[in-house]
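The first residue in the sequence is number 1, and the count goes up from there.
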Amino acid sequence: MSREASSCNTYNYGDALYWDTRYIQEVEAFDWYQRYTSLRPFVRKYITATSPVLMVGCGNALMSEDMVKDGYEEIMNIDISTVAIDMMSKKHEYIPQLKYKQMDVRDMSFFPDDSFGGIIDKGTLDSLMCGADAPLSASQMLSEVSRLLKPGGTYLLITYGDPTVRMLHLRRPVYNWDIQLYILRKFSLASSLHFSMFTSPRKACLVSLIMLAARPGFTVSSSSSMESNLEPIPITKEGLLPPQHVMEDPDSHFIYVCKKNRI
């Protein structure tokens with residue numbers, strides 16, 4: 001059984017009722033997969049701070065708030081859960097850079113074409129892949145993502161799905177995307193040090209200590225290993241990992257950088 005199939009278990013992650021119930025029960029902020037501290041190098045490289053950004057499946061994560069602290073000027077956050085949107089709208093009502101709207105990613109017709117320079121997805125596509133009619137839901141979502149991206153804009157997908165289960169959805173010619181692949185370990189202590197670039201050194205140290213405690217036995221990567229995270233993984237002409245590629249850590253996330261070609 002694939003990791004993706006096993007992660008779907010018995011929950012319907014594509015259903016609004018599931019998420020409403022979850023956010024009623026769990027009110028503490030939670031970031032799926034990776035914190036901004038780990039993703040910052042990719043976000044800063046591919047999405048400019050002045051571009052309008054769409055955060056799909058925002059939940060009650062800290063990601064958007066951290067991006068504003070890092071200089072991002074306009075982030076629209078959407079989620080299928082009314083509970084999450086109401087909660088986050090009240091929490092950030094005095095942060096003008098953050099806007100919230102309840103919405104299903106399979107139908108984002110509220111927004112006109114070419115609305116965003118960057119779209120960030122941490123696990124939302126994965127959730128749909130665990131729901132009913134997964135292939136249709138994925139196609140509907142990605143078609144909307146492609147429509148909303150400005151030419152030259154970037155869809156940043158953070159997922160558990162390896163290229164064998166994601167590229168068939170992402171490489172449809174109609175999207176006209178150039179795709180680069182990165183692999184990031186689930187807990188990236190080295191990347192957390194980037195936090196010091198937009199907050200206090202003391203807090204950055206605290207983040208690092210917390211992440212160390214969260215993963216007993218984890219050792220700090222060497223500088224060369226840190227830099228390797230920022231190098232795209234070569235892929236075959238079919239969009240797959242080369243046969244000789246060995247995953248250093250099987251519990252890693254795949255980052256697909258999908259850049260919309262200019263016509």
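At least one donor-acceptor pair under 3.5 Å links the side chain of Y72 to the backbone N or O of I47. Remark: side-chain polar atoms of S143 are paired, donor with acceptor, to backbone N or O of S139 under 3.5 angstrom. Listed for the N77 side chain is a donor-acceptor partner under 3.5 Å among the backbone atoms of K99.
Inter-residue side-chain proximity for V43 and M63 is flagged as met; some heavy-atom pair is nearer than 4.5 Å. For the pair M108/V145, a side-chain contact is recorded, criterion being any heavy-atom separation below 4.5 Å from C-beta on.
Closest heavy-atom contact between P163 and F254: CD-CE2, 3.9 Å.
Donor-acceptor pairing under 3.5 Å is lacking for the side chains of N60 and Y23. In this structure, a donor-acceptor pair under 3.5 Å is absent between the side chains of S81 and D79.
Clustering ILVMFWY residues whenever any of their side-chain heavy atoms sit less than 4.5 angstrom apart, transitively, puts I80 in the very cluster that holds I24. Two different hydrophobic clusters hold M67 and L62 under the rule that ILVMFWY side chains link at heavy-atom gaps under 4.5 Å.
The only option from D31, D70, D66 that meets the side chain to side chain donor-acceptor pair (under 3.5 Å) definition with Y36 turns out to be D70.
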> When you look at Y33 and Y160, which way does the ring-ring contact (aromatic ring centres under 6.0 Å, His included) test go after all the steps?
Replying inline: CA-CA 9 Å; Y33 295 178; Y160 265 126; 5.0 Å; yes
Run the side-chain donor-acceptor check on residues 237-245: report pairs under 3.5 Å with partners two or more places apart or on a different chain.
from : atom 1 : to   : atom 2 : distance (Å)
E238 : OE1    : T236 : OG1    : 3.1

